[in-house]
Amino acid sequence: MLNNHNESSTNKSKNLAVLLWFRLARFYLKNVRESNNQLKKWGLTTAQFDVIVHVGRNKRLTQQELADKLVVTKGNVTHLLKKMEELQWIKREVEWKNKYLSLTEIGQKMYEEIVPSQDEFQQAQFSKLTEEEQLQLLTLLRKLNKE
């Protein structure tokens with residue numbers, strides 16, 4: 001009898017884990033889709049927006065630091081940055097072994113216009129949760145992301 005209870009408990013845990021995964025994935029995909037729609041107003045992808053935010057907040061950072069923050073491959077970052085440089089949103093400066101990134105005047109204006117708008121959009125996405133619940137969710141997600 002005890003063995004059946006343990007199997008039942010294990011199955012419930014597996015089902016709960018799958019349910020959590022589905023809910024997180026559904027929320028994430030919905031949020032990304034709506035974010036992409038928001039960012040289309042400025043002709044930006046979410047990846048380009050992410051670069052503008054990180055470079056804008058840091059004022060200047062290395063290409064490697066950015067790659068670490070974006071959790072993408074170095075090749076993907078290089079291609080993305082090349083396009084953004086061609087659009088004159090960012091500039092790259094080489095100092096010895098490091099490539100430093102900063103926003104151009106155009107990029108800085110985009111940062112000042114888009115970031116507040118996207119902040120408001122994301123606040124609305126999480127408005128169903130109280131501030132305390134948002135902090136709990138943040139803590140739990142950080143716990144899941146620890147390696």
Side-chain angles (χ1 to χ4, degrees), residues 6 9-147:
N6 286 342
S9 178
T10 300
N11 285 339
K12 284 181 184 176
S13 290
K14 286 179 184 177
N15 290 339
L16 181 58
V18 170
L19 181 61
L20 285 167
W21 176 72
F22 274 125
R23 295 287 178 179
L24 279 171
R26 198 172 293 142
F27 177 79
Y28 170 77
L29 292 172
K30 177 181 174 267
N31 187 286
V32 167
R33 186 172 45 251
E34 291 176 10
S35 290
N36 281 332
N37 286 335
Q38 289 278 357
L39 295 171
K40 277 182 188 175
K41 297 174 191 173
W42 293 280
L44 282 172
T45 65
T46 51
Q48 291 168 332
F49 173 75
D50 208 8
V51 169
I52 287 175
V53 168
H54 284 295
V55 175
R57 285 193 177 139
N58 291 284
K59 303 298 180 205
R60 187 173 192 243
L61 72 164
T62 67
Q63 191 166 320
Q64 185 58 54
E65 289 170 328
L66 177 67
D68 293 343
K69 291 176 186 289
L70 297 179
V71 194
V72 294
T73 67
K74 190 174 181 179
N76 288 349
V77 170
T78 301
H79 178 71
L80 179 63
L81 295 177
K82 184 178 183 211
K83 180 168 174 75
M84 293 180 74
E85 194 172 27
E86 288 169 2
L87 292 166
Q88 298 181 351
W89 296 346
I90 62 162
K91 60 184 172 187
R92 288 192 265 194
E93 300 168 287
V94 178
E95 289 181 16
W96 197 52
K97 292 183 179 181
N98 292 314
K99 291 181 185 173
Y100 286 93
L101 305 167
S102 57
L103 295 179
T104 63
E105 194 173 317
I106 295 169
Q108 185 61 39
K109 286 179 183 175
M110 291 174 74
Y111 176 84
E112 291 167 5
E113 184 178 338
I114 298 166
V115 171
S117 175
Q118 189 65 6
D119 282 350
E120 285 178 29
F121 170 73
Q122 290 303 334
Q123 286 174 1
Q125 295 296 300
F126 290 93
S127 65
K128 294 175 185 168
L129 302 176
T130 65
E131 186 174 343
E132 184 179 329
E133 289 170 330
Q134 290 178 39
L135 290 170
Q136 284 178 312
L137 179 59
L138 183 60
T139 299
L140 293 171
L141 291 172
R142 282 183 177 147
K143 187 175 182 179
L144 287 174
N145 281 312
K146 284 187 181 175
E147 294 180 18

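Fair warning: this is a prediction, and the values are worked out from it, not measured in the lab. Quick note: residue numbers are just sequence positions, from 1.
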Result of checking Gln118, Lys40, Lys30 against Ser35 for side-chain hydrogen bond (donor to acceptor under 3.5 Å, both in side chains):
Gln118
Side-chain atoms of residues 107-116: list all donor-acceptor pairs with protein atoms under 3.5 Å, sequence neighbours left out, distances to 0.1 Å.
| unit_1 | atom_1 | unit_2 | atom_2 | d |
| --- | --- | --- | --- | --- |
| Gln108 | NE2 | Glu112 | OE2 | 3.1 |
| Glu113 | OE2 | Trp42 | NE1 | 2.9 |

Check Glu93 against Ser102 and note the closest heavy-atom contact, atom names and distance.
OE1-OG, 4.1 Å
Please test Asn31 against Gln122 for side-chain hydrogen bond (donor to acceptor under 3.5 Å, both in side chains), starting from the C-alpha separation and ending with a verdict.
CA-CA 8 Å; Asn31 187 286; Gln122 290 303 334; 3.0 Å; yes
Main-chain N/O of His54 paired to Asn58 side chain as donor or acceptor, under 3.5 Å
yes
Heavy-atom closest contact (Glu133 atom, Lys128 atom, distance)
OE1-O, 4.2 Å
Using a 4.5 Å cut-off on heavy atoms from C-beta on, say whether the side chain of Leu101 contacts that of Val51.
no
Do the side chains of Leu61 and Val55 get nearer than 4.5 Å, heavy atoms only?
yes
Sequence neighbours excluded, the answer for side chain to side chain contact (heavy atoms under 4.5 Å, CB included) partners of Leu137 is Phe126, Leu129, Leu141
Spacing of Leu20 atom CG and Asn15 atom CG [to the nearest 0.5 Å]
11.0 Å
What are the two closest non-hydrogen atoms of Leu103 and Ile52, and how far apart are they?
CD1-O, 4.1 Å
Rounded distance [0.5 Å steps], CD in Glu85 versus OG1 in Thr78
11.0 Å
Counting C-beta onward and ignoring hydrogens, is there a side-chain heavy-atom pair between Arg92 and Met84 closer than 4.5 Å?
no
What one should report as the nearest heavy-atom pair of Lys91 and Thr104 is N-CG2, 4.0 Å
Roughly how far apart are Asn145 CG and Arg142 CZ, rounded to 0.5 Å?
10.0 Å
